[in-house]
Amino acid sequence: MRTIKLLFAFAISATLFTSCYTDPIIVDNYNPGPAPSISLNQLLNRYELWYVDINETIGYNETPFLQIAFTISFRNGNLFANNNLVGFGDQGNGFGIQTGTYDAYNNILDVYHVIDGYQTFDVYQIDSNTIELYNPNNDTSYFLDGYQRSNFDYDYVFYDNIHYFLQEYEAWEKTYTSPTGVPNEFDYENYLQFLAGGNDSEFRSSQDVNVYNPNNIFWDYTGLYNVGNISGNRYLKTLTLDYDYFADEFFELRVLNDAKIELYQPTSGTVYEFTGRGYIQFLKNAEGKQTEQLKKRKFKAEKQDNPREPIREKI
């Protein structure tokens, strides 16, 4: 996560950011308009980052590598992606990691992904900095907004997706408890884990101590968790852990750095710090093996039919 620099914060408009590009708009709106005056390769390389606006997705299916990515970049035939929030804005100079290669010709984009394999898309330019990637094989469209690294608000994306940040370590180990505060049941919890996939809101906790390998932790409890916003402060969140046997635990959540979080418990006045153990890069699973069972960003609205009509046969 980049160090927060208020001088570089940008106003949030419409959905997320504001683009500074002002070329004439070529609108598609599901009725193909005039052909762009530049090649597809030029269009894809016009912006350094393409933000995957996951909640604008149309269709009932998924293209996995787009479902997990926050941004993708097209760089001289190589595909890069920011799949993780750990290191977001710093990893790969802001581009993330290489996840495959691509070919772009006419209005067709062919991607050769290291996990998903061959994926093909029809590309439509929706406006000056928005493109649609339509996958004719699953009838699903993803919408990408273009930005340069210099005007992309990495911090906003990071704090808007803390839910996923918590899932990027195999375990969080309690490494500090403030000397002040009323003794309480949570004092005995030494490890937390936030699980990716499934219902996307499941956590586990353990009272083990000094476990070197996260795989050896015995998890005493499994429950549900929720991350909430605090009005007027995008850098401060709430975390609620649902413990059936001693009620919910409520905290104010702060991110201290890419591997450490602070939990302040208002009821006891205790401050805890947890350090991430076992970083999970979301191109591989926790065992280091490539897998298709990855963290996926969740679509928050009701899915709908895709009005886009395929212009070629399924591949």
Side-chain angles (χ1 to χ4, degrees), residues 1-6 8-9 70 82-92 94 96-97 153-181 184-196 200-217 219-221 223 225-230 233-241 243 249-282 284 286 295:
M1 178 187 66
R2 278 189 173 169
T3 302
I4 299 166
K5 299 179 181 178
L6 295 180
F8 291 94
F70 295 98
N82 275 299
N83 296 332
N84 281 80
L85 292 172
V86 173
F88 191 57
D90 293 324
Q91 191 171 47
I97 60 174
D153 198 336
Y154 289 94
D155 287 329
Y156 178 85
V157 175
F158 183 95
Y159 281 96
D160 195 46
N161 292 277
I162 292 296
H163 188 86
Y164 298 115
F165 170 70
L166 296 176
Q167 299 174 1
E168 294 185 5
Y169 288 96
E170 295 178 47
W172 291 88
E173 180 182 16
K174 184 190 292 177
T175 51
Y176 172 80
T177 301
S178 63
T180 58
N184 66 94
E185 293 290 341
F186 192 75
D187 289 341
Y188 302 103
E189 303 298 319
N190 294 316
Y191 291 93
L192 295 174
Q193 182 184 60
F194 302 91
L195 301 175
D200 207 36
S201 59
E202 194 170 284
F203 84 97
R204 299 196 291 188
S205 65
S206 173
Q207 297 183 3
D208 284 359
V209 293
N210 300 324
V211 180
Y212 176 77
N213 187 340
N215 292 326
N216 295 331
I217 297 173
W219 298 104
D220 304 294
Y221 181 79
Y225 76 99
N226 179 67
V227 176
N229 296 319
I230 292 181
N233 189 342
R234 70 174 183 173
Y235 304 118
L236 183 63
K237 302 291 181 177
T238 64
L239 174 66
T240 303
L241 305 179
Y243 280 96
E249 293 286 359
F250 177 84
F251 305 92
E252 292 180 358
L253 165 66
R254 290 179 175 84
V255 177
L256 302 182
N257 58 46
D258 274 357
K260 185 174 290 186
I261 59 175
E262 177 188 281
L263 300 182
Y264 169 67
Q265 188 179 53
T267 55
S268 69
T270 307
V271 175
Y272 306 96
E273 289 182 6
F274 283 80
T275 301
R277 305 299 188 202
Y279 167 61
I280 303 172
Q281 185 179 86
F282 282 113
K284 301 178 181 180
K295 173 266 294 176

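Counting from 1, the numbers follow the sequence of the chain as shown. Heavy atoms only: backbone and side chains are in, while hydrogens, waters and symmetry mates are out. It should be emphasised that the depicted structure is a prediction, and the values quoted were computed from it without experimental measurement.
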Under 6.0 Å between the ring centres of [X] and [Y]?
| X | Y | value |
| --- | --- | --- |
| Tyr225 | His163 | yes |
| Phe282 | Tyr164 | no |
| Tyr243 | Phe203 | yes |

**Asked** Does the side chain to side chain contact (heavy atoms under 4.5 Å, CB included) test come out yes or no for Val157 and Asn82, once each step is laid out?
**Response** CA-CA 11 Å; Val157 175; Asn82 275 299; over 6 Å; no
[atom1]/[X] to [atom2]/[Y] distance, rounded to the nearest 0.5 angstrom?
| X | Y | atom1 | atom2 | answer |
| --- | --- | --- | --- | --- |
| Asn229 | Tyr159 | CG | OH | 13.0 Å |
| Asp90 | Tyr154 | CG | OH | 9.0 Å |
| Ser206 | Tyr221 | OG | OH | 14.0 Å |
| Asn184 | Gln265 | CG | CD | 4.0 Å |
| Leu236 | Glu262 | CG | CD | 9.0 Å |
| Asn233 | Glu252 | CG | CD | 9.0 Å |

**Heavy atoms from other residues, nucleotides or ligands near OH of Tyr188 exceed 12 (cutoff 6.0 Å)** = no
In the structure I gave you, are the side-chain heavy atoms of [X] and [Y] within less than 4.5 Å of one another anywhere?
| X | Y | answer |
| --- | --- | --- |
| Phe88 | Asp258 | no |
| Leu241 | Phe186 | yes |
| Val227 | Leu166 | yes |
| Ile261 | Phe251 | no |
| Arg277 | Tyr169 | no |
| Glu173 | Ile217 | no |
| Thr270 | Thr180 | no |

Sub-3.5 Å donor-acceptor pair from the side chain of [X] to the main-chain atoms of [Y], do we have one?
| X | Y | value |
| --- | --- | --- |
| Thr238 | Gly228 | yes |
| Lys174 | Leu192 | no |
| Glu189 | Ser205 | no |

On a heavy-atom basis, which atom in [X] and which in [Y] lie closest, and how many Å separate them?
| X | Y | answer |
| --- | --- | --- |
| Tyr264 | Pro266 | O-CD, 3.2 Å |
| Ala171 | Pro214 | CB-CB, 4.2 Å |
| Gln167 | Leu195 | NE2-O, 3.5 Å |

**Test ring pair (Phe, Tyr, Trp, His ring centres under 6.0 Å) applied to Trp172 and Phe274, Phe165, Tyr279, the passing residue** = Phe165
**Message:** For the residue pair Gln91 / Asn84, report whether a side-chain donor-acceptor contact shorter than 3.5 Å exists.
**Reply:** no
**Message:** Run the side chain to side chain contact (heavy atoms under 4.5 Å, CB included) test on Leu239 and Phe194 for me, step by step, so that the C-alpha distance in whole Å, both residues' side-chain angles and the decisive distance to 0.1 Å come before the verdict.
**Reply:** CA-CA 12 Å; Leu239 174 66; Phe194 302 91; 4.2 Å; yes
**Message:** Quick one, Asn190 with Asp208, criterion side chain to side chain contact (heavy atoms under 4.5 Å, CB included). Give me CA distance, side-chain angles, the key distance, then yes/no.
**Reply:** CA-CA 6 Å; Asn190 294 316; Asp208 284 359; over 6 Å; no
